[in-house]
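Some notes on the structure that comes next.
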There are 2 protein chains.
Amino acid sequence: MTTEYSGGGDLSFSLKIMWRGGERPSRGPKPGLDLTRIVEAAIRVADAEGLAALSMRRIATELGVGTMSLYRYVPGKAELLDLMLDAVYGEDIDLEQDPGQEAARLRAGGWRAGLEEIARGSWALHLRHPWILQVSQARPVLGPSSITGLEIAMRLLDGIGLDDFQMMKVISLIDSYVTGTARLAVEAGQAAQRTGVSDEDFWQAQGPFIMRFMSDERFPTLTRAAEAGVFTVDDGDGFGFEFGLQRVLDGIEAFVAAAGREHPAPGTG
Amino acid sequence: MTTEYSGGGDLSFSLKIMWRGGERPSRGPKPGLDLTRIVEAAIRVADAEGLAALSMRRIATELGVGTMSLYRYVPGKAELLDLMLDAVYGEDIDLEQDPGQEAARLRAGGWRAGLEEIARGSWALHLRHPWILQVSQARPVLGPSSITGLEIAMRLLDGIGLDDFQMMKVISLIDSYVTGTARLAVEAGQAAQRTGVSDEDFWQAQGPFIMRFMSDERFPTLTRAAEAGVFTVDDGDGFGFEFGLQRVLDGIEAFVAAAGREHPAPGTG
DNA sequence: TCCTTACTGGGTACAGTGTACGAAGTTATG
DNA sequence: CATAACTTCGTACACTGTACCCAGTAAGGA
């Protein structure tokens, strides 16, 4: 139970095989396996059983091969995690399509609507693959998918009055918000599964402690809020994702408006 | 290399020992150790050597005791992680002080300044203990420190025109933003240490790939931004934390203003 | 045709992990 | 002083990633 580290191994290997398939050598037996199948199997296992269950042996079993055979295709687990990340990042991205086209589509409803769509897509991605945030990216390995996604986002914001640094910071802000919220949501979702304790059991275990120590005079506001149901009632906006997203976008919109006032430029929305 | 899971073990144990010290039994030899020393040693190791180096054996060595002796004080590693989290969360919080006093102090400069202080404190905490976000909190174990911190934040926002749900969402938003950004910062900071690859070496390894594949016609915006230095130039606002924080607070401020207009209430700032 | 070379598959082994179990030592109580 | 309760902690087990090595396979050269 320790954060799995990607990017720990041979960096240029990861980059090489991510950016173009390696050329098959001429001699020797034909490989019975390929990287794509390994990565897919690994993602399948991680999705279904969690990252803790993702061992090299488990992947090999899934594929019906010997454990060490995997090391003919990938130098180590760290690189495999790199590849898994790039694979899932690419789920919503068509690498063949020109990023400009996708950016243009996103811009159609204005840059704010475009950012919203990107944020919701990323949010859904994290819920679909709850292990993503458990892979500690030592350093972001710039695979084709993340690069393309970044280009799309940058082009979406290009020309609305921000400089390159400001655009990047806006994108980082959205990313930080989405991943921060996703972390909460994902961990809460996994809790029941992993601990074998349902949400109800959990709050029943916590409840007595919460109530005992909260009903005293030290925590009046929290007591009131708990009684109002903030911990238990679900208003449909899971973990306040939509609420927070709108606040963040409001803040960005104000900034863009101010920047436009300082340096008037041909705006978009 | 897998995310460490807190909250996986006996939940009521964690809660009990967090909320009050256990009573010493009368018979038997006096314990040569105590929980506090174990938790402190564990935090020391995690701070200095990273979570990956934090094994029960390592902690025992640090304390000069046998590995299994630790299990007389803590049921397992998961609970120890719970305790480590509550301990560091409590670093900036005086549990003896009335939360209301601290909230009043924070409110002095207005609720926005108070939120800013909380956010910066949390940011600093995560940089001080880079392992915090690598501990996947199955479910947030509500220890005294986090409860007190939450009460302080709630009381800071109380009476500015938001209901309890809205207050909680605002606090979650700040938390999500801070942790999301901290994750980026912490992982980048740990990368050099763990991989033995310096920042320069890293960008030199990535550089050729970045340039080769970005200079083509598919990534014009990113190419321009990279040449402008967005990936390499440091403008002092590490990872855009301050930039993003101000955008988030702007968004919250607009929301508070709108809520105040709908349901006029005695405001604060 | 057969040897050489290059490759793939995968078994075994090793150092590391968390922790269950149990034996041995220590202390307060009857 | 025996007993019960408690401590310390060595050993053992199932698990991990992966280094090393050997057997088997396929293509190129003689």
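Lettering follows sequence order; numbering is per chain, from 1.
Remark: Tyr73(B) is in phosphate contact with dT8(D), judged by side-chain N or O atoms under 4.0 Å from OP1 or OP2. Here Ser69(A) does not reach the OP1 or OP2 of dT8(C): none of its side-chain N or O atoms lies under 4.0 Å away. Between Thr67(B) and the phosphate of dC9(D), there is no side-chain N or O to OP1/OP2 separation shorter than 4.0 Å.
Leu222(B) and Ile147(A) get closest at one heavy-atom pair: CD2-O, 3.5 Å.
Comment: Arg218(A) does not engage Glu151(B) in a salt bridge, judged by the lack of any side-chain N to carboxylate O separation of less than 4.0 angstrom. Between Arg128(A) and Asp92(A) there is a salt bridge, since a side-chain N of the basic residue sits under 4.0 Å from a carboxylate O of the acidic one. The pair Glu62(A)-Arg58(A) meets the salt-bridge criterion, with a side-chain N (NZ, NE, NH1 or NH2) lying under 4.0 Å from an Asp/Glu carboxylate O.
The CE atom of Met56(A) sits 16 Å away from the C1' atom of dG11(C) (whole-angstrom rounding). Separating the CD atom of Glu79(B) from the P atom of dG18(C) is a distance of 13 Å, rounded to the nearest angstrom. Straight-line distance from the CG atom of Leu54(A) to the P atom of dC15(D): 16 Å, rounded to whole Å. In this structure, Leu33(A) atom CG and dG9(C) atom P are separated by 6 Å, rounded to whole Å. The distance from atom OH of Tyr71(A) to atom P of dC22(D) is 21 Å, rounded to the nearest whole Å. In this structure, CD1 of Ile59(A) is placed 11 Å from C1' of dG17(D), rounded to the nearest angstrom. Look at CG on Leu35(A): it is 13 Å from P on dT8(C), rounded to the nearest Å. Distance, Ile38(A) CD1 to dT18(D) P: 13 Å, rounded to whole Å.
Closest to the side chain of Lys77(A), out of dG18(C), dG17(D), dT8(C), is dG17(D). With distances taken from any side-chain atom of Met68(B) to the nucleotides dT16(D), dA20(C), dA26(D), the minimum falls on dA20(C).
Each of Arg72(A) and Ser55(A) lies near DNA chain D, and the nucleotide nearest Ser55(A) is the one positioned closer to the 5' end.
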Evaluation steps, side-chain contact (heavy atoms from CB on, under 4.5 Å), between Leu80(B) and Tyr73(B)
CA-CA 9 Å; Leu80(B) 181 53; Tyr73(B) 300 87; over 6 Å; no
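For Arg57(B) against dG16(C), a side-chain-to-base donor-acceptor contact under 3.5 Å is absent.
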